[in-house]
Amino acid sequence: MQEVYKFLKECGTYYLATVEGDQPRVRPFGTIDLFEDKLYIQTGKVKPCFKQMDGAKVEICAFNGAQWLRVAATLINDDRYEAKAHMLDNYPHLKRMYDAGDDNTAVLYLKDATATFSSFTSAPKTVTF
């Protein structure tokens, strides 16, 4: 999990795929947080993507110029103040839009994740967490 966290953190931007009905949806994300041995992402509860993510299977894809990462997981909403505060402390620029105590801030952790690191020059490497 640490290797996945480091890769996503270094990429800065990754792409998260969800499904809305029968329509795939893909959007850029930039938050990744390691809290209590779980990987978390952040969004707003008022955004349509939150409804597509909460308790749903998703995929994340990132590329660093030489290697790419795909992560398949289920996202679980964690409404605890401590989880939200940890994310916002690591992304202080988000505090202009979000507050750990508001009803909009959502942090979701990856559950039952399978991450595959791939490149054109080496065999794929898979980790689960």
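Everything quoted here is computed from the prediction, not taken from an experiment.
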Report task. State, to 0.1 Å, how close Ala113 and Leu110 come at their nearest heavy-atom pair, and which atoms those are. Result -> CB-CB, 4.4 Å
Query raised in the report: Are Asn77 and Asp79 close enough that some pair of their side-chain heavy atoms sits under 4.5 Å apart?
Result: yes
Report summary line: Exactly one of Arg25, Lys51, Arg27 clears salt bridge (charged side-chain N to carboxylate O under 4.0 Å, His left out) with Glu20, and that residue is Arg25
Requested in this report: Decide if the gap between the ring center of Phe120 and the ring center of Trp68 is smaller than 6.0 angstrom.
Outcome: yes
Report task. Taking the side chain as every heavy atom from C-beta outward, state whether Val71 and Val4 have any pair of such atoms under 4.5 Å apart. Result -> yes
Query - Single-linkage hydrophobic cluster, 4.5 Å side-chain cutoff, Met97 and Ile41 together - result: yes
Report task. Of all the heavy-atom pairs spanning Ser119 and Ala66, show the shortest one and how long it is. Result -> CB-O, 3.5 Å
**Report entry** Heavy-atom check, side chain of Gln67 versus side chain of Lys125, under 4.5 Å
**Finding:** no
Report summary line: Shortest non-hydrogen pair, Phe35 vs Ala83, comes out as CE2-CA, 3.5 Å
Requested in this report: Check the surroundings of atom NZ in Lys95: do more than 12 heavy atoms from other residues, nucleotides or ligands lie under 6.0 Å from it?
Outcome: yes
Query raised in the report: Can you tell me if Thr126 uses its side chain to pair, donor with acceptor, with the backbone of Thr116 under 3.5 Å?
Result: no
Query raised in the report: Any side-chain heavy-atom pair from Phe29 and Thr43 closer than 4.5 angstrom?
Result: yes
Requested in this report: Taking Tyr14 for its side chain and Arg70 for its backbone only, find out whether a donor-acceptor pair lies under 3.5 Å.
Outcome: no
**Report entry** Atom of Leu108, atom of Phe50 and distance for their closest heavy-atom approach
**Finding:** CD2-CE1, 4.1 Å
Query raised in the report: So, does Thr31 use its side chain to make a donor-acceptor pair with the main chain of Gln42 at under 3.5 Å?
Result: yes
Query - Stepwise salt bridge (Lys or Arg N to Asp or Glu O under 4.0 Å) check, Asp102 with Lys45 - result: CA-CA 10 Å; Asp102 70 22; Lys45 289 181 182 177; over 6 Å; no
Requested in this report: Heavy atoms only: give me the nearest Ala115-Leu69 pair and the separation to one decimal.
Outcome: CB-CD1, 3.9 Å
Query - Pair Phe117-Glu3, side-chain contact (heavy atoms from CB on, under 4.5 Å): steps then yes or no - result: CA-CA 10 Å; Phe117 294 89; Glu3 187 177 6; 3.6 Å; yes
Requested in this report: Please assess Asp78 against Lys84 for the test salt bridge (Lys or Arg N to Asp or Glu O under 4.0 Å), listing each intermediate value before the final yes or no.
Outcome: CA-CA 8 Å; Asp78 185 342; Lys84 295 176 187 180; over 6 Å; no
Query raised in the report: Do Leu16 and Met53 have side chains that get closer than 4.5 Å, going by heavy atoms?
Result: yes
**Report entry** Side chain to side chain, Thr13 and Phe63, heavy atoms closer than 4.5 Å
**Finding:** no
Query - Nearest-0.5 Å distance that lies between atom OG1 in Thr74 and atom OH in Tyr109 - result: 10.0 Å
Query - Beyond-backbone contact of Met1 with Leu39, side-chain heavy atoms, under 4.5 angstrom - result: yes
**Report entry** Gap separating the OH atom of Tyr98 from the CG atom of Asn104, nearest 0.5 angstrom
**Finding:** 5.5 Å
Requested in this report: Working to the nearest 0.5 Å, report the span between CZ of Phe129 and CD of Gln2.
Outcome: 11.0 Å
Report task. Measure the shortest side-chain to side-chain distance between Asp54 and Leu75 over non-hydrogen atoms and say whether it is less than 4.5 angstrom. Result -> no
Requested in this report: Looking only at non-hydrogen atoms, find the nearest pair between Asn90 and Pro92 and report the distance.
Outcome: C-CD, 3.4 Å
Query raised in the report: Are Val58 and Tyr15 linked, directly or through other ILVMFWY residues, by side chains that come within less than 4.5 angstrom of each other?
Result: no
